[in-house]
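Note on naming: letters A, B, ... go to the chains in the order of the sequence lines (proteins, then strands), and numbering restarts at 1 for each one. These values consider heavy atoms only, across backbone and side chains, with no hydrogens, waters or symmetry-generated copies.
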Amino acid sequence: MAQKPGIPKGTRDFSPVEMVKRNYIFDTVKEVFQRYGYLPIETPAMENLSTLLGKYGEEGDKLLFKVLNSGDYLKKASEEFLSSKASGKLTTQISEKGLRYDLTVPFARFVVQHQNEIAFPFKRYQIQPVWRADRPQKGRYREFFQCDVDVVGSNSLLNEVELIQIVDEVYRKLNINVVLKLNNRKVLAGIAEIIGAADRIIDITVAIDKLEKIGLDKVNEELVEKGLSKEAIDTLQPIIMLEGSNSEKLEKLRAQLAGSEIGLKGVEELEKVFAYLNTLNLDLEVELDLTLARGLNYYTGAIFEVKAKDVAIGSITGGGRYDDLTGIFGLKDVSGVGISFGADRIYDVMNQLELFPQDSGARTNLLFVNFGEAEQVYCLNLLKEVRKAGINAELFPDSAKMKKQMTYANKKEIPYVAMVGENEMKDGVINLKNMNSGEQQLVTVENLIKVIINH
RNA sequence: GUGAAUGUAGCUCAGUUGGUUAGAGCGCUGGAUUGUGGUUCCAGAGGUCGCCGGUUCGAAACCGGUCUUUCACCCCA
């Protein structure tokens, strides 16, 4: 019985055309990462559930894909949880592995586990898929690729600056106009502190993060809902509505946050980063944005987000500094900072803007038509020579009808077709057809190679 | 997790208030052209109308459930 094929919700197949484009993105980011001294690592698709759980908040735990134990997985399950259908508690008894949710936590695990082999500061990049049991929607999948670059074991703000340079270079190479938004968690903490709600920093940041999307009134409404006092909200207004150049904003902030030690520390960090950037004269537009909060709870310093200017698709790159990510795995006082390029969204942006190069080089340039046994053998040697000259070439594997072979060449957009039948073999020539112009010429192998290479 | 839309040929979609044998375009296969594709002409194959159940003399159409895809919210890349 034939069953209807399909793939799990929120996952995708990638055709050759799509893969060529995706690889263009991956190759570009890899090249830039390596230019700055970052080297690749990979970690397993599955991690122990214990290393994943509790790292992404309550919401994150729900979005983790859990892998059922092998064998008789119900054996260890308690009758109590089974009969009461307590799936939450049952999970830990029947599943001990899960698919990775991001690349940062597995990276932290990697660093702790291999700390004795690693030279710090450790600069690594990692390009792998991650999985989230989210409900799919526009630009959002259950399986997607992240391209992470991180450096751990250094507190220097030079690292932040370097990552910004990487962003600049990647997007210049990909030809995407972007703006990088920069903020600092310490500043947000300072703000929470001076409005007298230091413990509510998460609620506050989540709310003001939506400023651009839902407007000031709705943000204030949400703050009221979260139980913030009117005074606190009033004090907040001038801060989140700060205007002017980056340096003007910082100046005003410094004054507003005078009473908060942590807040001033944040301002200082931002000033330093901007000072470095000014000496570098980047093309990249970098904007201080106090409403940038990012959901992740583990950021402690800089927060980055990159948006495409010409397409509304949300952020295409994000990241920040986390002071104690490895602490939960037992390695204290190792600070890290990193960013993640969202390959799938970058793909969508480039596709919409038609920024992919026309000729990727990933195509067959020459097809030999198959005329039969004797011709096949003869062509195999020609093929060998042509390939040796660096030309992507193939021989049609069956001696099918000419029409079928030509249609194949046409569909694969192969620009040249070589026809070597009885007559050509006898004369030691190749009948070379240019598929765009339709022109044909009789040539030697040497000339064929020249024609195609000079094409 | 909440709310909504959607599902008919390989693909994109028609299909009247419920009425015989469910259509089109593109694609596919064969032929016109036994060594010449992309244009043209001719012919052909291909569908348990997402799945399960209900209403009805009769369901692709109406109702319920379920799954898929899509969109918004939550959250996020």
Length of the [atom1]-[atom2] vector between [X] and [N], whole Å:
X	N	atom1	atom2	result
A/Gln405	B/G37	CD	P	12 Å
A/Leu63	B/C76	CG	C1'	9 Å
A/Glu143	B/A77	CD	C1'	14 Å
A/Asn431	B/U36	CG	P	12 Å
A/Glu439	B/G38	CD	P	19 Å
A/Lys138	B/A72	NZ	C1'	12 Å
A/Asp348	B/A77	CG	P	16 Å
A/Asp209	B/C74	CG	P	11 Å

Please report the distance separating the [atom1] of [N] from the corresponding atom of [M], rounded so that it comes out in whole Å.
N	M	atom1	value
B/G23	B/C63	C1'	27 Å
B/G38	B/G30	P	13 Å
B/G50	B/U69	P	16 Å
B/A4	B/G10	C1'	30 Å
B/U55	B/A59	P	11 Å
B/U16	B/G7	P	13 Å
B/C51	B/C67	C1'	7 Å
B/A22	B/C42	P	25 Å

Please determine if A/Glu31 and A/Arg35 form a salt bridge, counting it only when a charged side-chain N lies under 4.0 Å from a carboxylate O. yes
Check ion pair A/Glu285-A/Lys309 (N to O, under 4.0 angstrom): yes
When you measure from the side chain of [X], which nucleotide among [options] comes out closest?
X	options	answer
A/Tyr141	B/G37, B/A77, B/U36	B/A77
A/Arg345	B/U36, B/G38, B/C76	B/C76
A/Met406	B/G35, B/A77, B/G37	B/G37

Once you measure the plane-to-plane angle for [X] and [Y], does it fall in the parallel (<30°), tilted (30-60°) or perpendicular (>60°) bin?
X	Y	value
A/Phe26	A/Phe145	tilted
A/Phe110	A/Phe107	parallel
A/Phe356	A/Tyr24	perpendicular

Sugar-phosphate, base or nothing in reach of [X], heavy atoms under 4.0 Å:
X	result
A/Asn423	base
A/Tyr408	nothing
A/Gly438	base
A/Gly10	sugar-phosphate
A/Glu375	nothing

First of A/Lys210 and A/Lys9 reached from the 5' end of RNA chain B, by closest nucleotide: A/Lys9
Between A/Phe341 and A/Glu422, who's closer to the 5' end of RNA chain B by nearest nucleotide? A/Glu422
Is there, by distance only and without an angle test, a donor paired with an acceptor across the side chain of [X] and the base of [N] below 3.5 Å?
X	N	answer
A/Gln440	B/U36	yes
A/Arg135	B/U2	yes
A/Asn410	B/G38	no

Under a 3.5 Å cut-off for both contacts, is [N] paired Watson-Crick or G-U wobble with anything, and if yes, with which nucleotide?
N	result
B/A4	B/U70
B/G38	none
B/U56	none
B/G25	B/C11

Determine yes or no for a side-chain-to-main-chain donor-acceptor pair under 3.5 angstrom, with A/Asn69 supplying the side chain and A/Glu96 the backbone. yes
Polar contact flag, side-chain donor to acceptor under 3.5 angstrom, A/Tyr322-A/Thr104: no
State whether A/Gln137 places a side-chain N or O below 4.0 Å from either non-bridging phosphate oxygen (OP1 or OP2) of B/A72. yes
Tabulate protein N/O versus nucleotide N/O from nucleotides 27-31 of chain B, keeping only pairs under 3.5 Å, one per line.
residue, atom, partner, partner atom, Å
B/C28, OP1, A/Lys411, NZ, 2.2
B/G31, OP1, A/Lys401, NZ, 2.9

As an exercise, state the distance from CD of A/Glu394 to CZ of A/Phe368, rounded to the nearest 0.5 Å. 11.0 Å
Between atom CG of A/Leu64 and atom CZ of A/Arg132, what is the distance when rounded to the nearest 0.5 Å? 9.5 Å
Under 5.5 Å and under 30°: A/Phe144 stacked on B/A77: yes
Is there side-chain contact between A/Phe33 and A/Phe341, with at least one heavy-atom pair below 4.5 Å? yes
